[in-house]
Amino acid sequence: MSNKERQRGPVRKLLFKFRTGPQKRIRMRSAARRRLKSSARFVAVTGSSGKSTTAGLLSHILQAYAPTQSQVGSNTVSQLIRTLKRMSLVEHFVVTELGVSAKSKMEPMASMLCPDVAIVTMIGTEHYSAFRGREGVAKEKGALLDHLQEDGFAVLNADDEMVMDMAQRTRARKVTFGKDAATADYRAEDIQAGFPDMLSFTLVGKGQRLELKTLFPGEHFWMPVTAAVVTALELGVPAELVAAQVATFSPVNGRCSIVQAPDGPTFILDSTKAPYGTLDLAFDMLAKAKAPHKRVILGIISDYSGASSQKYRNAWRTAREISDQVIFVGKSISSAKPTREDVESGRIIGFENAHEAFEHIKATARPDEVILIKGSTNLHLERIALGYTQPVQCWAVACGKPGGCFRCPGLLLPFDKNALKRKEKLDRLAFWKPRKI
């Protein structure tokens, strides 16, 4: 390390402390004041799964009804500050997605936002290392309801007992939805999906029946779709407009979004996260898909207790039953303990990185197959599918960039970490540009 680099170290530490301490508190207070000046209705979406789809679909519905600002995908306090600071005076609705990765993260966001509507999708085991189970997740996410406006309402998943336990944390009106709970205000019935036939179901509640047809490939999307639709109806959006908007909303990138390769396979990209507890939902979706050939590309599994080898072994066994080939990326196939026959026949195969897997798929793909890509975002497995539709040049094993590759400015260039940082910094500077009101 040079003397110049040694001198920069203490300065960087001081800057980091300032930006994450005093400067952040100033920005939070400024954003909170801007929120109080707005006449818009603020909607906050949280939960272990389905947040982005719920927030994205709800925003899509509301935008057709009245001016709406949305925050989807990025769900941190810093992004919430930017969203509030960027508001104009014309929005009728502001839809935000709020996520937490550690304890005491929700309360600052909830107190800054003070939402008029709070949606809780479900409680799972995400971020297991921080919360050590569903109880810890429920306690943290429930802080959102502590700051819900009393004249607002909460939209709660009646099929999840831990979500329903949160009801006691607010005096606001409660609206419930589900498919199994008989007491829910709204119920999803006749749920059907089997790719290429997309999800459709009937929403029944409060004296009405609403036939919904979507662009989602799996039955499990009934939950975020229902949460968004129920919220829109309770906000006064006409049912006909709601159904029309649902029918035109495509899945959020990396959350079972579809990529059809020209004269090639169809990819279902579930590459944003892979909590062990939700793997069966993705596998069930592929099992019900109507295709003569199917493959599974499996990346890193997250959020579980106990030894990883058993989790990968269970995933392999399930994936084997529903597909012709299972491809492990970033994890040795030895963890799955396949038989010698499965290895020699190619029923299971492993690659160290996404580029190797892409080359294999490119050499063996056929147009009549469906390929499910399932894994945590750190390996950026979506590049395997995106490589069919654009000339992907960045095949870095670990670029360190959070989020997916779908809108990454460096996807079509050889990986250059410093250049990418400069580009992202310039994009963030747009935050300081004055907005027209």
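Position 1 is the first residue of the sequence, and the numbers go up from there.
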Without placing hydrogens or testing angles, list every side-chain donor-acceptor pair under 3.5 Å for residues 275-283, not counting sequence neighbours.
from   : atom 1 : to     : atom 2 : distance (Å)
Tyr276 : OH     : Asn314 : ND2    : 3.0
Thr278 : OG1    : Pro275 : O      : 3.0

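- In this structure a side-chain-to-backbone donor-acceptor pair under 3.5 Å is present from Lys51 to Gly47.
- Although no hydrogens or angles enter the test, the distance criterion places no donor-acceptor pair under 3.5 Å between the side chain of Ser70 and the main chain of Val72.
- Not a single donor-acceptor pair under 3.5 Å links the side chain of Arg41 to the backbone N or O of Gly152.
- In this structure, the side chain of Thr46 does not engage the main chain of Val120 through any donor-acceptor pair within 3.5 Å.
- A donor-acceptor pair under 3.5 Å is formed between the side chain of Asp159 and the backbone N or O of Asp180.
- Between Arg134 and Asp160 there is a salt bridge, with a side-chain nitrogen of the basic residue lying less than 4.0 Å from a carboxylate oxygen of the acidic one.
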Distance-only donor-acceptor pairs under 3.5 Å for side chains of residues 218-226, two or more places apart:
from   : atom 1 : to     : atom 2 : distance (Å)
Glu219 : OE1    : Lys288 : NZ     : 3.1
Glu219 : OE2    : Lys288 : NZ     : 3.2
Thr226 : OG1    : Trp222 : O      : 2.6

Just do the side-chain contact (heavy atoms from CB on, under 4.5 Å) check on Leu286 and Lys374 with the steps written out, would you? CA-CA 11 Å; Leu286 184 64; Lys374 180 67 177 178; over 6 Å; no
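- Between the side chain of Ser111 and the main chain of Pro108, a donor-acceptor pair closer than 3.5 Å is present.
- Lys273 places no side-chain N or O within donor-acceptor distance of the main-chain N or O of Ser271, the cut-off being under 3.5 Å.
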Would Asp190 and Arg209 count as a salt bridge (charged side-chain N to carboxylate O under 4.0 Å, His left out) here? Give the steps. CA-CA 12 Å; Asp190 192 25; Arg209 296 179 63 89; over 6 Å; no
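- Within a 6.0 Å sphere centred on NZ of Lys174, other residues, nucleotides and ligands contribute more than 12 heavy atoms.
- Ionic pairing of Glu140 and Lys105 is not present here: no N-O contact between side-chain nitrogen and carboxylate oxygen is shorter than 4.0 angstrom.
- Applying side chain to side chain donor-acceptor pair (under 3.5 Å) to Thr83 and the options Glu97, Arg35, Gln69, Gln71 leaves one that passes, Gln71.
- Gln79 places no side-chain N or O within donor-acceptor distance of the main-chain N or O of Thr76, the cut-off being under 3.5 Å.
- Side-chain atoms of Arg187 do not come within 3.5 Å of backbone N or O of Gly178 as any donor-acceptor pair.
- Put simply, the residue from Lys294, Arg347, His360 that forms a side chain to side chain donor-acceptor pair (under 3.5 Å) with Gln325 is His360.
- Under a 3.5 Å cut-off, the side chain of Gln390 and the backbone N or O of Leu412 do not form any donor-acceptor pair.
- Salt bridge annotation for Asp197-Lys290: present, with a cationic side-chain nitrogen under 4.0 angstrom from a carboxylate oxygen.
- Minimum interatomic distance between Gly330 and Ile300 (heavy atoms only, all atoms of both residues): O-CD1, 3.9 Å.
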